Amino acid sequence: MKWIVAIIQPHRLEAVKQALIDVEVFRLTVSDVQGYGRQKGHTEYFRGQPMQVNLIRKVRLDIAVNDNFVQPTINAILKGARTGPKGNVGDGKIFVLPLENVVRISDGTMGGEAI
Amino acid sequence: MKWIVAIIQPHRLEAVKQALIDVEVFRLTVSDVQGYGRQKGHTEYFRGQPMQVNLIRKVRLDIAVNDNFVQPTINAILKGARTGPKGNVGDGKIFVLPLENVVRISDGTMGGEAI
Amino acid sequence: MKWIVAIIQPHRLEAVKQALIDVEVFRLTVSDVQGYGRQKGHTEYFRGQPMQVNLIRKVRLDIAVNDNFVQPTINAILKGARTGPKGNVGDGKIFVLPLENVVRISDGTMGGEAI
Amino acid sequence: MPTPWKMFWASRPRKCLMGICAIATMLIFMAAPAWGQTATAPVAAPVAAATQAAATAPAAPAVAPIDTGATSWMLASTALVMIMMPGLALYYGGIVRKKNFLATMMTSYAALGVIGLQWFLGGYSLAFGTSHWHGFIGWDNSRMCLLNLSSHSAMVSPGGQNIPEAVFSMFQLMFAIITPALIAGSVAERMKFGAWVAFIFLWAYFVYDPLAHAVWSPDGNGWMTNIGTLLGSTGGAVDFAGGTVVHISSGVSGLILCLFLGRRLGFPRNVIQPNSLGLTLTGAGLLWFGWYGFNAGSANGSNYLACIAFTNTTIATALGGLGWITAEWLHHRRPTTLGIASGFVAGLVAITPACGYVTIWSAPIIGLLAGIVCYWGAQIKTLFGYDDALDAFGVHAVGGFLGALLTGVFASAALNGHGGPNGLIEGNPIQVLWQFLAASNAVIYSAVVTAVIAIVLDKTIGLRVSESVEIEGLDIGIHGENGWDVGTLPEPAITLPGAA
Amino acid sequence: MPTPWKMFWASRPRKCLMGICAIATMLIFMAAPAWGQTATAPVAAPVAAATQAAATAPAAPAVAPIDTGATSWMLASTALVMIMMPGLALYYGGIVRKKNFLATMMTSYAALGVIGLQWFLGGYSLAFGTSHWHGFIGWDNSRMCLLNLSSHSAMVSPGGQNIPEAVFSMFQLMFAIITPALIAGSVAERMKFGAWVAFIFLWAYFVYDPLAHAVWSPDGNGWMTNIGTLLGSTGGAVDFAGGTVVHISSGVSGLILCLFLGRRLGFPRNVIQPNSLGLTLTGAGLLWFGWYGFNAGSANGSNYLACIAFTNTTIATALGGLGWITAEWLHHRRPTTLGIASGFVAGLVAITPACGYVTIWSAPIIGLLAGIVCYWGAQIKTLFGYDDALDAFGVHAVGGFLGALLTGVFASAALNGHGGPNGLIEGNPIQVLWQFLAASNAVIYSAVVTAVIAIVLDKTIGLRVSESVEIEGLDIGIHGENGWDVGTLPEPAITLPGAA
Amino acid sequence: MPTPWKMFWASRPRKCLMGICAIATMLIFMAAPAWGQTATAPVAAPVAAATQAAATAPAAPAVAPIDTGATSWMLASTALVMIMMPGLALYYGGIVRKKNFLATMMTSYAALGVIGLQWFLGGYSLAFGTSHWHGFIGWDNSRMCLLNLSSHSAMVSPGGQNIPEAVFSMFQLMFAIITPALIAGSVAERMKFGAWVAFIFLWAYFVYDPLAHAVWSPDGNGWMTNIGTLLGSTGGAVDFAGGTVVHISSGVSGLILCLFLGRRLGFPRNVIQPNSLGLTLTGAGLLWFGWYGFNAGSANGSNYLACIAFTNTTIATALGGLGWITAEWLHHRRPTTLGIASGFVAGLVAITPACGYVTIWSAPIIGLLAGIVCYWGAQIKTLFGYDDALDAFGVHAVGGFLGALLTGVFASAALNGHGGPNGLIEGNPIQVLWQFLAASNAVIYSAVVTAVIAIVLDKTIGLRVSESVEIEGLDIGIHGENGWDVGTLPEPAITLPGAA
Ligand SMILES: Nc1ncnc2c1ncn2[C@@H]1O[C@H](COP(=O)(O)OP(=O)(O)O)[C@@H](O)[C@H]1O
Ligand SMILES: Nc1ncnc2c1ncn2[C@@H]1O[C@H](COP(=O)(O)OP(=O)(O)O)[C@@H](O)[C@H]1O
Ligand SMILES: Nc1ncnc2c1ncn2[C@@H]1O[C@H](COP(=O)(O)OP(=O)(O)O)[C@@H](O)[C@H]1O
């Protein structure tokens, strides 16, 4: 089992979720984060002074999946998260961590089938 | 050492924390997330139009523990997070990831005793 | 590759980021969390009644690094996050998790060079 | 699927309707002594409580000419008192936990709707009609449904200046609205919305209207005004803008109701986490602003008395805020923003009964005392363990009682000039006794009647939300709404059933 | 790098300038019939629409003495109507998604600036100048640029009491501001800011000013006032404080404009996620507060009519809120806070045309009907699938039309006393017809002219933001600002270019 | 454990007490020239600054009859100016970082309390007592502690209409409150609360009261009013509603104080992250609303001048907003919401001294210039590197100075009709010189005295918070409160010590 963390553009969340549903990944956890990466921030203005906002608002997805779902999940995220045909700086990253166990709280089911 | 991630109902946080204290797990990190799982969302109303809210507010706990604490921690979470005797859809999940090292920032202590 | 999670005091974020830049770690993800650890909460007042706030606002950093960067990253965090020469309770912790893979969404680059 | 009408019959609104019928019956009963009366002569009826003012007003042959200046100030004052409800909603709403933000604001907005209806359905007549039953209650058939106001000749001159009775009635309506709305502070975060609506509707009939009549009866026959005479002496209590009628009654009723409701889950731990004190400060600012209508408007005209009431209000309020944060500073060395806001409100409460009777040099004393005393008033609940959530009792009942007594201490007939009494310092110590007796009676009356209403509602529709609603928060649980969505996370995806 | 002036020439502001020139041309054209006129006699010009009031005002020899009370109330009323704009900004701003919070508030604030300029540049003269073209439009050269107001002798007495024309003009300006600002509710979250500015500027000239003249022409020659006479009968429509002029016109224009703009991305899913309903409630409170200036100020003085309008407004609004949440309760058993706020607004809208003409007992009926009807008015969009984002049509056009008709039902000449008509219940059923015809004509006129303006703007500068701005949110995309930063995360590091 | 009183003795409040004693001493010293005077004849004392108005007022035999309309408007105006403080708190509070939200709002609320006390303790007497020392300061024993106001015969007629002196005094108090509150904009996010309280208390005595007297001395002897005469010519400066007294003085003092305090940590990076611009917009809206009391109320009555001031205020403000966002548009193509709000404030500031003296066609010019000039005024700090955090100097001092000069340009005696001067355009160019000299002297005077106060406080109690408090935020660090808790996370568990 793997624990997949994806950092994406906030406005791609809907598309990523749809793409995940298409590959039958239905469960995930979303949180708001701020990222610091290759992407340059956008400019806000305060009484005439432009400011570069470097920490950029992003959305983080945490998805636990069984091993055979890892590649489809990554592909789905890639598909949903890219902002253009060739992608852009700032589109985000996917991280794959090993996951040892899962427990469903309601009934205590463990392991792969609990995911 | 393990890194335990638990996604629970917001209003069970207090109970889970109490249960963790009972098994002498005192340290944890809490963040607010939104989840997408088996649970159906609740209904909010906007000028007469009912709306299904699908992304549901949840609380995420991150707990680093030594190996002998893994089972008691899981049991404590199970105990505190269940909303009824048999649990309910939406009560959440526990994920166990391998953890390789811990460093306490204040004094630089490493490994198991820093947890 | 490793996945480093650091929980620090919110007002040390700037210093930690600077220290990370000094060791050429430029990418990270920041989120706000609340922590429960050794540190005693601070006191707030409500119409004369002091209250202990136990869950303390913290900042969480998630940083994916290649193996040779692990130690410099930890050192940089230690340097930036300590609030005094000897550090204080509440300064936070660093956790190191194994990381199996990274994918850059924009161009699909994988592994170490995508970090 | 059941039709709406079947649902209606099977459920609470039917009960409500029956309640309304019961009230109608009561109104008819109360109106009984008035059946014989002919249509009230509009000008004569609510004459000035102040005797000499009324005396100087000539008996108008047809329609007395309107005083446009006084009318202008009464229109503005009424609007000012109205803005106190949104102000109170922010003040209370900012202090509670975010999950109860909207539900707490809703208590004030509901009062605007419900008491607006109640005033139309007899409330005005009960409070400001001709006195019956030794000044216990008023009634005029012509004031039921505000019928008489639709006539150009409906003029009153309670402040010695002619104003249309319509604006007088609306000014008083705003008082009738804010008084029950204040009670919400004691019972925040756990009361059913339906029970709240029913409670304030009944409370207005059975507590507010009689008390308002007792002090402000337009024919001067209210029992508080004449409490000395009723006891065989002379004189009576005064209450310029409603310290007793508004603040003591609401504060005491709040205490009783919160005892019936019980404490919030987790009290005293885990219940204090204001979601936005900045909105609370803004609410306090709007309250102060609106209170100028409340206090200076109670002069019922654009005259010297209005200006004096305005001045006393300003100075006492400023000192109330300073008093509270000074107390905090001595107590725990943190002058808080909620503290200065609360102190302002305490100052406003205490100067309310006094502002048209006392000289200006007493205003800072009254304000300072109010700030300090109410600070401690908000602490006593920890001693006794009741859960007066937002300190409606600690600030309004305590501050109102203090103000009533201090009015008896500092009153000066020379300043008021409209038949106001002298107080202790001007050599009339018995005035303090009348003030004390009137206030105490109001305490007892409010407590007893509130208890009766609370018991009735508890047995029928129930007062308190379920435990799960309380934990989830009343916003979602009762109103199906979410108070704040201002984090950085993009809006959750939602599905409209049928559209998906 | 191009100089600002080159940039200016190359781009939109130049187009704007050309637009302004076009308008100037139009003004000159319109002014043509007035070229011959001599300087308007200041006192005589905007006399009372009410005949007998004007009759009793003596022909002033030099400068008529000011009625200080009436002037005081008009000053206060004007300020009260002004606060409706910040109120509307909160009301609308709280309902939208957080990414469009500021942009939505900006629509109201921009109206304050833009229409303030427009009123100076002929707006006042078009709406309140001497009638031309059978009461279709007004014009006086002396009122262009508010020139005549800088004279002590510029007095008017539309309410039978002398007030300086300056305050009358400002009072009417506030109406001209809020009317286009209401339209923002229909087009929220997707309209270009530049297009909004251009739209309301043009709309004020071509829709608002003619409609205001049609009802409130100071010489009583507006076509709506005389619609019966124009059709060969006698009588005409009445609109006390602007149900037709303000609410029907803005609601209908909102509908048309939102049809031109198209639906928001994701509609009907994913577009409803209010960022702060507490601010919406506060905005509704400020609207109610300011509406007292709007309605009672429309009596143009401090008189009985102002007090009656005040009373009707209060009772109808209270019942509007109760009506809406009752409808909700019967529909889905959740009385919401947004519901009570919307119901209050519905009540206010419906009583607006009526408040100075109908007896007080009709106010609760009008309010209750408004609350219930507008609740359903807000539902119909799901049937037809247009995206009237914040229900400007559903509440303002529907409520305004309802109010216009009910004015015809409940009007009573005896109550108004200033030449108001009788309605259906007083035995004059044809009044309902005049109300219906006037309102329907306003619907058609607003719809057609709005459509023309929308087409012109769409072809030139474009109405709708790009898809990427819509997704990112208008706050960042258009204004370069972020609405909320209140999470626990410390402020993001920012770099000032050049300082880093 | 030390008793509160021991703590008291050991610490700062004792020092404060000693400061108060010092001030009392000063007051006695200042009062010296007045010892001989008999009780001021109430009607005669603060007569109209306008000569002919005063001349027409008959010498009242006993108590002059009140003008109820004028009194009504002054009561409303005073309440309107009061609401500017909550407005300012929102305006400033919304711009700062979330960790300083409450502390920033607190500066305004504290001013309400502190200056309320100061006014009672001699402030009113110093500003509006009989002139001493060539019009540098006023003093009357009878006005100390507002003693004379508790008398029915205390009437004034500065606007030619009789109003109770009580409301005049309260109106002026509100000016005395908002002026120091404006200074907070320059020193936001780093000043100690205790130092703030002490600063504004002293500043009111030593800067505000003398300046107010210099312009508005009721006997017309203030030095600014007569600056021409004092220089051997004739004439003097005028300042209708306080451009110099309020805005120049506060803006300049803000600059000086922010130089003493030093820049915020991280300036110019990392200090700009407004927590809620929506609240800032709302605050600007409340400021505009309240400013009608400020400007139109400065006519001291319900008269033509009030209406003209109202009109000028409206048009100039609208154009100020347009001017600022036009400047932004030309500069970086982003019209911001903070920009329109700031432009409105700039327009209000610049029209303040002018609004009762200039014709209406000059209002849009003044407003537009103010919007553009103040936009650049807010940019100069980046050149010089001082940290005028919220641009109190850039907007208020710059806008105030501009307004003072433009008053000299556009003034028209015919319009004012109460002894106002002609300006440059009406052929009296020297008026611009008087305006310039008066404003410059105010700049110098404010700067010097503020510097002295700042040095004294810095040496004694210290001006600036510790670095750790600045980083943590003043809300927690000073007030022990948290401004916002509106995230999705449930409330943190809290423990009441002793209850756990
Ligand atoms: N090594 C990393 N560790 C943690 N988070 C990262 C890392 N690299 C990128 N991220 C996160 O992913 C987001 C997108 O990365 P960025 O470099 O801006 O875009 P791109 O995907 O084009 O490289 C960043 O804002 C940051 O939150
Ligand atoms: N595979 C998963 N990956 C990431 N998060 C998950 C996963 N499964 C569940 N969650 C999180 O746990 C929450 C609860 O899961 P849910 O399926 O609703 O309840 P249950 O525990 O009854 O299955 C979800 O809202 C989601 O946040
Ligand atoms: N075992 C743990 N699991 C998860 N989070 C932890 C753990 N230990 C500490 N933390 C997080 O780190 C923060 C700092 O830890 P704390 O014990 O207070 O300070 P110190 O670093 O001095 O031990 C805590 O508030 C908590 O968020």
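These figures come from a predicted structure and were not determined experimentally.
Of the two parts of E/Phe101, neither the backbone nor the side chain holds a non-hydrogen atom closer than 4.5 Å to a non-hydrogen atom of chain D. With a 4.5 angstrom heavy-atom cutoff, D/Tyr109 touches chain E via backbone and side-chain atoms both. Proximity to chain E (any heavy atom under 4.5 Å) is shown, for D/Val197, by neither the backbone nor the side chain. Both the backbone and the side chain of E/Leu281 have a heavy atom closer than 4.5 Å to some heavy atom of chain D. If you measure heavy-atom distances from E/Ile315 to chain D, the contacts under 4.5 Å come from the side chain alone. Heavy atoms of D/Ala76 lying under 4.5 Å from chain E belong to its backbone as well as its side chain. Using a 4.5 Å cut-off between heavy atoms, E/Leu305 does not touch chain D at all. Contact annotation for E/Ala306: both backbone and side-chain heavy atoms come within less than 4.5 Å of a heavy atom of chain D. Interface residue D/Ile478: only backbone heavy atoms are found under 4.5 Å from chain E. At a 4.5 Å heavy-atom cutoff, the contact between D/Leu90 and chain E is made by side-chain atoms alone. The contact between D/Met174 and chain E is made entirely by side chain atoms (from C-beta outward), counting heavy-atom distances below 4.5 Å. The contact between E/Leu415 and chain D is made by backbone and side chain atoms together, counting heavy-atom distances below 4.5 Å. When heavy atoms are compared at a cutoff of 4.5 Å, E/Pro335 approaches chain D by way of both its backbone and its side chain.
For the atom pair CD1 of E/Ile360 and CG of D/Leu146, the computed distance is 6.0 Å after rounding to the nearest 0.5 Å. In this structure, CZ in E/Phe310 is found 9.0 Å from CE in D/Met82, a value given to the nearest 0.5 Å. The OG1 atom of D/Thr78 sits 11.0 Å away from the CZ atom of E/Phe289 when rounded to the nearest 0.5 Å. To the nearest 0.5 Å, atoms SG (E/Cys307) and CD1 (D/Ile163) are separated by 7.5 Å. Considering CD1 of E/Ile340 and CG of D/Leu102, their distance stands at 12.5 Å, rounded to 0.5 Å. The distance from atom CG of D/Leu112 to atom OG1 of E/Thr317, rounded to the nearest 0.5 Å, is 9.5 Å.
Side-chain atoms of D/Leu279 and E/Leu279, non-hydrogen and from C-beta on, do get closer than 4.5 Å to each other. Using a 4.5 Å heavy-atom threshold, the side chains of D/Leu117 and E/Pro364 count as separate. In this structure, E/Thr311 and D/Val167 have side chains that are not in contact, with every pair of non-hydrogen atoms separated by 4.5 Å or more. Using a 4.5 Å heavy-atom threshold, the side chains of E/Lys98 and D/Asp485 count as touching.
Remark: E/Glu426 engages no residue in a salt bridge (Lys or Arg N to Asp or Glu O under 4.0 Å) (not counting sequence neighbours).
When all heavy atoms of E/Thr337 and D/Glu481 are compared, the pair lying nearest together is OG1-OE1, 2.6 Å. The shortest non-hydrogen separation linking D/Gly116 to E/Ala318 is CA-CB, 4.0 Å.
Remark: the backbone N or O of E/Tyr304 is not paired with any side-chain donor or acceptor of D/His152 at under 3.5 angstrom.
Your options are D/Ala110, D/Ser302, D/Ser150, and the one with the most heavy-atom pairs under 4.5 Å with chain E is D/Ser150. When each of D/Pro86, D/Gly290, D/Gly93, D/Ala166 is checked for heavy-atom pairs under 4.5 Å with chain E, D/Ala166 comes out on top. Top candidate by heavy-atom pairs under 4.5 Å with chain D, chosen from E/Leu80, E/Thr71, E/Asn303, E/Thr314, is E/Thr314.
Residue pairs meeting the side chain to side chain donor-acceptor pair (under 3.5 Å) criterion with at least one partner in residues 274-283 of chain E, sequence neighbours excluded, are E/Asn275-E/Trp484.
A side-chain N or O of E/Ser72 and one of D/Ser72 form a donor-acceptor pair less than 3.5 Å apart.
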